[in-house]
Visitor: 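First, the structure itself, so that you have it in front of you.
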There are 2 protein chains.
Amino acid sequence: MTVSVLLVDDHPVVRTGLRAVLDAGDGITIVGEAATGEEAITLTSHLNPDVVLCDLRLGEGIGGVETTAALRSLDPAPAVLILTTFDRDAEVFGAIEAGAAGYLLKEVAPEVIVEAIRQAARGGMYLTPDMSARVVQGMRNPLPKLTGRELEVLKLLATGATNREMARSLFVTEATIKSHLVHIFTKLGVDSRARAIHVAWETGLV
Amino acid sequence: MTVSVLLVDDHPVVRTGLRAVLDAGDGITIVGEAATGEEAITLTSHLNPDVVLCDLRLGEGIGGVETTAALRSLDPAPAVLILTTFDRDAEVFGAIEAGAAGYLLKEVAPEVIVEAIRQAARGGMYLTPDMSARVVQGMRNPLPKLTGRELEVLKLLATGATNREMARSLFVTEATIKSHLVHIFTKLGVDSRARAIHVAWETGLV
DNA sequence: CCTGCCCTCAACCATTCGGTTGACGGGCGC
DNA sequence: GCGCCCGTCAACCGAATGGTTGAGGGCAGG
């Protein structure tokens, strides 16, 4: 029995490359291509692929994590494999939490992709060794769970906003902002806004 | 006469995609592939391609800008076309200053790549409309030229370092750091370290 | 209903930071 | 040589920031 695959990537060149790579693999049939998350969702509901091979960064519209979540809530739900260039922690964990069956970096060899698709079609997970290492380490000291408000503040902070500006933006007083900041700092394990901005970028929380 | 092309990209999938796309284009022959900048340089000196199609982010070794500069200093020098996912200002300008014959984003249609290669082989430039717009705008208000020391400070700053820490790292006093910071802020047009970090990330100066 | 968490705000303090002015030596070009 | 920029450092000030304690209201879950 052959595995049906939908390709999702905003780069035509990458889609072409994947098509070439996967056509070489036995038992894999590409049933469609999408350039955006929205497209991927509608195509999936029509074509019912076994596996959706999806990039994380999808240009204009919704991102890969949101797309994954939407796809996984369909019935029947396809297995979703993330194939991307980036390895920001927040995105890796976000994708897995959203129900991805695997997370591959584009620098992997073609055979790995084929194998991962087979695995995903069988209902399994596939993670490259460094990714699984990352995940288990992520379980050990998990990303601090910021509350909604704290995340808003952190995003503003990452743009270089001052306390006063953040207070204006969020319609609260500076005291409130400072309160949020203290919580953010302790959760992130830093002691200055500059370092908070740094880890925000590093982990992809921005 | 046919144009010889060397592909440089650290993602096998992308190389495969480019190969498929360019093989479809008349008069283009792919003479080799490289996964790193170093590999690209040695291969170029052996194969003497007319055009080198090069990603900007090349994983471990040297980056696309350095690769471009090295390739352009060879004799005979190939035309270098940058094809990448990112459009950080510093990288665009850096690549062009290094002698690139064009800067394409991977989201462009395959025909555009073919056309750009033809153009480059003829000794011309090729920029997508938004890129040329970016470039002319970049000429109007050019990226502030930071001195070497200022750049060092900015990079440390971007990691969230305090003045004291930067002083230790660079073996100078805090007074010197503050002096550098003032210059950096005025050149970047900001008024706080947080915002400086932000523009550093935005423009890709980090 | 009560406990816990989130969001909100206040007052206080020490530290850091942003901005200024001024200064000194060294290298580089004219 | 002379000027100019770069890098180094100093002293000073006001403003912003980090850290603390405390406190009130709202809302969900037990």
Visitor: Hey, does the side chain of A:Asn163 come within less than 4.0 Å of D:dA16's phosphate (OP1/OP2), counting only N and O?
Guide: no

Visitor: If you assign B:Thr176 and A:Asp191 each to the DNA chain D nucleotide with the nearest heavy atom, which residue ends up on the more 5' nucleotide?
Guide: B:Thr176

Visitor: Looking across every strand, which nucleic acid part, if any, lies under 4.0 Å from B:Thr162 by heavy atom: base, sugar-phosphate, or nothing?
Guide: sugar-phosphate

Visitor: Using the side-chain heavy atoms of A:Arg193, tell me which of these nucleotides is nearest: D:dT20, D:dT17, D:dT8.
Guide: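 Nearest to the side-chain atoms of A:Arg193, counting from C-beta on, is D:dT17.
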
Visitor: How far apart are the closest heavy atoms of A:Ile197 and B:Ala194, and which atoms are they?
Guide: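 Where A:Ile197 meets B:Ala194 most closely, the heavy atoms are CD1-CB, 3.7 Å.
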
Visitor: Rounded to whole Å, please give me the gap between CD in A:Glu150 and P in C:dT8.
Guide: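 A:Glu150 atom CD is separated from C:dT8 atom P by 10 Å.
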
Visitor: When all nucleic acid strands are considered with a 4.0 Å heavy-atom cut-off, which category describes B:Thr147: base, sugar-phosphate, or nothing?
Guide: sugar-phosphate

Visitor: Would you say B:Arg168 has more than 12 foreign heavy atoms packed within less than 6.0 Å of its CZ?
Guide: no

Visitor: Write down the distance between CZ (A:Phe185) and C1' (C:dT16), rounded to a whole number of angstrom.
Guide: 13 Å

Visitor: Verify side-chain contact (heavy atoms from CB on, under 4.5 Å) between A:Asp55 and A:Leu83, making sure each step is shown before the conclusion.
Guide: CA-CA 5 Å; A:Asp55 193 357; A:Leu83 176 72; over 6 Å; no

Visitor: Quickly work out the B:Arg168 CZ to D:dT8 P distance and round it to whole Å.
Guide: 17 Å

Visitor: Separation of A:Arg149 atom CZ from D:dG25 atom P, in whole Å?
Guide: 20 Å

Visitor: Does B:Val182 reach a base, just sugar-phosphate, or nothing at all? Heavy atoms under 4.0 Å.
Guide: base

Visitor: Distance check needed: D:dA15 P versus A:Glu165 CD, whole Å only.
Guide: 17 Å

Visitor: Taking side-chain contact (heavy atoms from CB on, under 4.5 Å) as the criterion, tell me which of A:Arg193, A:Arg195, A:His180 meets it with A:Phe185.
Guide: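 Only one option passes, and that is A:Arg193.
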
Visitor: Does a side-chain N or O of A:Thr173 approach OP1 or OP2 of C:dC9 to a distance below 4.0 Å, or not?
Guide: yes

Visitor: Would you mind telling me which of C:dC7, C:dC9, D:dC9 lies closest to the side-chain atoms of A:His180?
Guide: C:dC7

Visitor: Remember a base hit wins even if backbone is also touched, and classify B:Ser192 as base, sugar-phosphate or nothing at under 4.0 Å, heavy atoms.
Guide: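 Sugar-phosphate only.
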
Visitor: Grab the CG-P distance between B:Leu181 and D:dG7 for me, whole Å please.
Guide: 13 Å

Visitor: 5'-most contact on DNA chain D: B:Val172 or B:Lys178, nearest heavy atom basis?
Guide: B:Val172

Visitor: Atom CD1 in A:Ile62, atom CD1 in A:Ile41: separation rounded to 0.5 Å?
Guide: 4.0 Å

Visitor: Between A:Phe171 (CZ) and C:dT8 (P), how many Å, whole number?
Guide: 12 Å

Visitor: Please give, in whole Å, the distance from C:dC7 C1' to A:Glu174 CD?
Guide: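 So the CD-C1' distance, A:Glu174 to C:dC7, works out to 17 Å.
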
